[in-house]
Amino acid sequence: MQIRRLSLHQLRRFDAAELLPQPGINLLTGDNGAGKTSVLEALHLMAYGRSFRGRVRDGLIRQGQESLEIFVEWDESNAEGSEIRRRAGLRHSGQDWKGRLDGEDVAQLGNLCAALAVVTFEPGSHALVSGGGEPRRRFLDWGLFHVEPDFLSLWRRYSRALKQRNALLKQGGSPRMLDTWDHELAEAGEPLTSRRLHYLERLQGRAVELAANLAPQLDLQSMTLSPGWRRHEVSLADALLLARERDRQAGYTSVGPHRADWSVGFGSIPGRDALSRGQAKLTALTCLLAQAEDYAVERGHWPVIALDDLGSELDRNHQGRVLDRLLAGPAQIFITATETPAPLQDRTDIARFHVEHGQVTGVP
């Protein structure tokens, strides 16, 4: 994927701005608070339906305005290997939204997000390793959503069944009705878990190799899925039945893929609780780049890579290793920094932009 044009309207500090990025590295510099991160937020919003700094209604819309608008135009390879031009637009008020993709209205936000793939590393990314289970589940499901076309329908089927079962538990539903939704949960949850397991096994090989190159001191060795129930002992259907009375008392479903998690294993570090913040960042970045490489292999083209505030997140040595790795491939990369990162200072083959006063200006 190669973004050719990005337009922002009424997004944070921006009234209206346009960026014409180039292949390879696009470096955005400017003072703190100038709006560099907002450019990456716009890309992330188009790819995930939300900013990595929160929901649209949490300050993403410029103060005093009713909605924001984003337009992205990009090239990607089709199944025959030919380049095609794609266009997507989004207007979002924080409550309601309207999207268009390749000239057609979009009925579901997920369909818009499926079109543009962006892998983002930002100051909060360490939560992928050191935070709760929800961002790790989203990480797995985002990857599967993009590389397995039927995964979204499977995920939606499970989510609907979970919502219905939880409602019945709160209402004191009959055993017969709970049997029906237990069956539906198991029918969707077992294959969903198998997909997650196989995907994580695939990522593990890439992550171990990446870590050996980018951060050998981590000695990353494994990525292990905890499926959300004792899968090696009982089926999901049996686990739901065994937990039914406990779930009735609690009013929610306590076992299943919605409780899944995964962890990273290290050779000399006992676990994620023992990681320093810097080690957690490097581990998260390794996992994200492994996901990007897997996407490239499975889909035949690279996702866009966005690295926010790279200079403060990684030291010079690790910056250099990451950039060398990325520059070895065809990915389009967006980097924000207050100053040009040391490994890029002498490079003449990158596109440079300056962000100031709500404007993005190309630097010769």
Side-chain angles (χ1 to χ4, degrees), residues 1-8 11-14 16-45 47 51-53 72 74 118-126 210 213-217 277-286 288-289 292-293 302-364:
M1 288 184 173
Q2 299 285 334
I3 293 174
R4 300 305 185 186
R5 180 157 69 101
L6 171 64
S7 297
L8 318 176
L11 190 151
R12 295 204 190 274
R13 297 177 62 91
F14 293 102
E18 183 170 271
L19 178 70
L20 301 176
Q22 301 300 310
I25 289 181
N26 294 270
L27 175 65
L28 289 82
T29 57
D31 293 338
N32 290 325
K36 305 180 301 298
T37 296
S38 300
V39 177
L40 302 193
E41 281 187 283
L43 289 176
H44 196 91
L45 177 60
S51 162
F52 50 80
R53 293 200 288 188
V72 186
W74 73 96
V118 179
V119 172
T120 307
F121 177 69
E122 44 85 21
S125 291
H126 64 90
L210 267 165
N213 177 260
L214 302 180
Q217 73 277 16
R277 188 178 179 89
Q279 289 172 325
K281 289 178 181 179
L282 285 169
T283 303
L285 179 57
T286 297
L288 289 165
L289 293 182
E293 290 191 359
W302 275 78
V304 174
I305 307 294
L307 306 172
D308 186 36
D309 202 12
L310 184 67
S312 67
E313 293 304 301
L314 299 178
D315 60 43
R316 179 172 181 168
N317 178 42
H318 288 103
Q319 289 178 46
R321 292 186 180 191
V322 169
L323 293 172
D324 286 345
R325 178 80 179 211
L326 290 173
L327 286 167
Q332 186 180 42
I333 307 152
F334 291 81
I335 299 174
T336 67
T338 54
E339 298 178 351
T340 301
L344 298 178
Q345 288 178 355
D346 297 327
R347 297 194 69 106
T348 59
D349 58 344
I350 65 176
R352 301 172 187 268
F353 302 88
H354 185 69
V355 184
E356 186 177 17
H357 302 312
Q359 296 294 322
V360 182
T361 306
V363 178

- Message: In the structure I gave you, are the side-chain heavy atoms of Ile25 and Ile335 within less than 4.5 Å of one another anywhere?
- Response: yes

- Do you know the tightest heavy-atom contact between Ala331 and Trp302? CB-CE3, 3.7 Å

- Note on the structure: Of all heavy-atom pairs linking Pro303 and Ala292, the shortest is CD-O, 3.6 Å

- Query: Got a second to check how far His318's NE2 is from Leu214's CG, nearest 0.5 Å?
  - Reply: 8.0 Å

- Leu310 side chain reached by Thr336 side chain, heavy atoms, under 4.5 Å: no

- Item | Check: Arg316 side chain, Pro341 main-chain N or O, donor-acceptor pair, under 3.5 Å | no

- Give the minimum heavy-atom separation between Leu43 and Val118, together with the two atoms involved. O-CG2, 4.0 Å

- Look up atom NE2 in His126 and atom CD in Gln279, then write down how far apart they are to the nearest 0.5 Å. 14.0 Å

- Please lay out, stage by stage, how Leu307 and Phe334 fare under the test side chain to side chain contact (heavy atoms under 4.5 Å, CB included). CA-CA 6 Å; Leu307 306 172; Phe334 291 81; over 6 Å; no

- Only one of Asp309, Asn32, Asp308 clears side chain to side chain donor-acceptor pair (under 3.5 Å) with Thr37; which? Asp308

- Item | Rounded distance (nearest 0.5 Å) linking atom CG of Asn26 with atom CG of Leu19 | 6.5 Å

- Item | Heavy-atom side-chain proximity of Ile305 to Leu326 below 4.5 angstrom | yes

- Quick one: closest heavy-atom pair of Ser125 and Ala284, and the distance? O-CB, 3.3 Å

- Could you verify whether a donor N or O on one side chain and an acceptor N or O on the other, from Gln345 and Thr340, lie under 3.5 Å apart? no

- Leu285 side, atom CG; Phe121 side, atom CZ - distance, nearest 0.5 Å: 5.0 Å

- Query: Any donor-acceptor pair under 3.5 Å linking the side chain of Lys36 with the backbone of Leu28?
  - Reply: no

- Step-by-step side chain to side chain contact (heavy atoms under 4.5 Å, CB included) determination, Leu20 to Leu6: CA-CA 7 Å; Leu20 301 176; Leu6 171 64; over 6 Å; no

- How far apart are the C-alpha atoms of Glu18 and Leu8, what are their side-chain angles, what is the distance that settles it, and do they pass the side chain to side chain contact (heavy atoms under 4.5 Å, CB included) test? CA-CA 6 Å; Glu18 183 170 271; Leu8 318 176; over 6 Å; no

- Message: Test side chain to side chain contact (heavy atoms under 4.5 Å, CB included) on Ile350 and Leu344; report intermediate values, then the result.
- Response: CA-CA 8 Å; Ile350 65 176; Leu344 298 178; 4.2 Å; yes

- Is the closest side-chain heavy-atom distance between Arg53 and Ser38 below 4.5 Å? yes

- Any Ser51 side-chain heavy atom under 4.5 Å of Glu122 side chain: no

- Of all heavy-atom pairs between His354 and Gly30, which one has the smallest distance, and what is that distance? CE1-CA, 3.9 Å

- Query: So, His44 versus Thr120: side-chain donor-acceptor pair below 3.5 Å or not?
  - Reply: yes

- Message: So for atom CG, which belongs to Asp31, do other residues, nucleotides or ligands contribute more than 12 heavy atoms lying within a distance under 6.0 Å?
- Response: no

- Message: Nearest 0.5 angstrom please: Arg321 CZ to Asp315 CG, how far?
- Response: 9.0 Å

- Should we say atom CG of Asp349 is surrounded by more than 12 heavy atoms from elsewhere, each under 6.0 Å from it? yes

- Message: Any non-hydrogen side-chain atom of Val39 less than 4.5 Å from a side-chain atom of Phe353?
- Response: no

- Message: Once rounded to the nearest 0.5 Å, what's the spacing between atom CZ of Phe52 and atom CD of Glu41?
- Response: 5.0 Å

- Note on the structure: All heavy atoms of Gln22 vs all of Ala351, minimum pair found to be CG-CB, 3.7 Å

- Query: Between Gln319 and Leu314, is there a donor-acceptor pair closer than 3.5 Å when you use the side chain of the first and the backbone of the second?
  - Reply: yes

- Please collect all side chain to side chain donor-acceptor pair (under 3.5 Å) contacts where either partner lies in residues 323-334, sequence neighbours excluded, each pair once. Glu209-Arg325, Glu293-Arg325

